[in-house]
Number of protein chains: 2
Amino acid sequence: MPARQTSKRQTSKSRTLRQTSEARPYHHGDLRRVLIDAALQLAAEGAEVSVREAARRAAVSPAAPFRHFPNRDALMAAVAGEAQRRFRVEIEAALREVPSADPLARFRAFGIAYVRWAIRNPAHFEIISTGRYFAHGGSAELTRDNAELVALTEQMLADAAEQGLLQSADLKRVLIAGRALIYGFARMNLDGHFPRWGVAEDEIERMAEAVIDLFIVGIAKP
Amino acid sequence: MPARQTSKRQTSKSRTLRQTSEARPYHHGDLRRVLIDAALQLAAEGAEVSVREAARRAAVSPAAPFRHFPNRDALMAAVAGEAQRRFRVEIEAALREVPSADPLARFRAFGIAYVRWAIRNPAHFEIISTGRYFAHGGSAELTRDNAELVALTEQMLADAAEQGLLQSADLKRVLIAGRALIYGFARMNLDGHFPRWGVAEDEIERMAEAVIDLFIVGIAKP
DNA sequence: CTATCATGTAATCATCGATTACATTTCGGG
DNA sequence: CCCGAAATGTAATCGATGATTACATGATAG
């Protein structure tokens, strides 16, 4: 057996194993987490995510994952949760660099950060976006988390409207349009459309900015 | 052995069957086509598309499909081709009802027809859009077909610009934005986002129109 | 009529998700 | 401190799938 290397988990396996540095708690310590990470990495490598392969990487039997997830979808839901968490961290970091007084600038920053993350983490974005792993096995935390992101953009547009920056009073429509634009751009990249549209690889991020700017100009009061 | 039931292959005694209309060539006549149709229907039913199930529906052995397609992806590429053909027929029908003199109205009609088809044929749209089955096994015909659709929208915007209807001179940007909007809307529906965004099932098509109108107003010269 | 080719079948593999029975580790209550 | 229950992992196995190989058979040209 090609033993998987040194899982350096130490929990408080207090006394019998006194080597604190070697305090391997059980077999794995936190197989659940290890499996999620393995699956995430698998996705990042462009490989297909299978339960067995995740188990293999965790150096554990093919049946072991099912102790932690009732089925594959549950694992994928957890993976989606983790990916979404990372996604959200990035979005919020980007927003922190924009003055909250300028809602349209915030919307712009949001859109750009969104698309950038989607471009640079295509497999993770795919897992997040499909929603196949949200609704069903997805934790309530995941959907709440997502709802907060929705509310975030809602707030931006509401602020913009309040400041009289918008042309249309139909906020919901503007919101959906903006989201569709951003999401559509990200998915076009993911789904490999841009070559057909004459957008080269290294133009994509710039194009994203241009497109978002176009949208903002379109909805802004002249 | 549970013998494969009643293979009702009436050996057509070719010579005797001179009926040109009955020129049944071999067992199936056109297994390839039957398989594609079976797969399409499978997708339409929301079931997973497997080679074996398609074979089953064609009442043929599990290995038979591989005489017509080198692998599953090739079958899926053919399925995507057929779906795309149907899609294109619908789009062009919709465009025929709009005067060619009004490019923005044509763009609107295109977008609405696009989204409508995507909403009403989700599984087929999924197969078309992913691009997973385009580039690789996809026939050159498929990509050419697609390029023509791209050119269609390009032409609309070019016409609009020529008539001085557009605000921006950067046509490519407007084109990509419009596409991203339409595609994004269609995919949001497909990926199950709308519940989260407070858009009810029966509002979706209306919302699509509203969103597209918003976009057109945004890019049009005031 | 017959040889050849296209088309389909049977048998078989490896992989995967999933389940069941069993083994081992952990940990808390006596 | 010990022991038994609960948690965690393993082994064996199932059924389905994509794919390949050797073989059978219908169709058709010469």
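Keep in mind that what you see is a predicted model, and the values were worked out from it rather than measured. Lettering of chains follows the sequences in order, A, B, ..., and the numbering in each one begins at 1.
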ask   = Are B/R187 and B/S129 close enough that a side-chain donor and a side-chain acceptor fall under 3.5 Å?
value = yes
query = For C/dG8, does either OP1 or OP2 sit under 4.0 Å from a side-chain N or O belonging to B/H68?
reply = yes
key: Whole-Å distance separating the CG atom of B/L35 from the P atom of C/dT7   = 12 Å
task = Report the nucleotide, chosen from D/dG18, C/dT9, C/dG17, that has the shortest atom-to-atom distance to any side-chain atom of B/R72.
result = D/dG18
May I have the list of side-chain donor-acceptor pairs in residues 40-47 of chain A shorter than 3.5 Å, sequence neighbours left out?
residue: A/E45; atom: OE1; partner: A/R57; partner atom: NH1; Å: 3.4
residue: A/E45; atom: OE1; partner: A/R57; partner atom: NH2; Å: 2.9
residue: A/E45; atom: OE2; partner: A/R57; partner atom: NH1; Å: 3.0

key: d(CZ, A/R57; P, C/dC16) in whole Å   = 12 Å
ask   = Given atom CG of A/D30 and atom P of D/dA7, what is their separation to the nearest angstrom?
value = 16 Å
task = For the residue pair B/K172 and A/E203, establish whether any side-chain heavy-atom pair is separated by less than 4.5 Å.
result = yes
query = Start at the 5' end of DNA chain C and walk down; is the nucleotide closest to A/E53 or to A/P70 reached first?
reply = A/E53
key: Rounded distance in Å - CZ (B/R67) to P (D/dT25)   = 15 Å
query = Of the nucleotides D/dT8, C/dG8, C/dT20, which one has an atom closest to the side chain of A/A63?
reply = C/dT20
query = Any donor and acceptor pair, going by atom type alone, linking the side chain of A/R72 with main-chain N or O of A/V49 inside 3.5 Å?
reply = yes
Within residues 41-51 of chain B, residues whose heavy atoms come under 4.0 Å of DNA chain D = B/S50, B/V51
query = Separation of A/L75 atom CG from C/dG17 atom P, in whole Å?
reply = 9 Å
query = To the nearest Å, how far apart are A/F66 CZ and C/dC16 P?
reply = 11 Å
message = By nearest atom, which of the nucleotides D/dG9, D/dA19, C/dT7 is closest to the B/R52 side chain?
response = D/dA19
request  = State yes or no: are the ring centers of B/F185 and B/F215 separated by less than 6.0 Å?
outcome  = no
message = Tell me which one of A/Q84, A/E90, A/E92 satisfies side chain to side chain donor-acceptor pair (under 3.5 Å) with A/R88.
response = A/E92
Most 5' of B/N71 and A/P62 on DNA chain D, judged by nearest nucleotide = A/P62
query = Phosphate oxygens OP1/OP2 of C/dG8: is one of them under 4.0 Å from a side-chain N or O of B/R32?
reply = no
ask   = Can you tell me if A/N121 uses its side chain to pair, donor with acceptor, with the backbone of A/H124 under 3.5 Å?
value = no
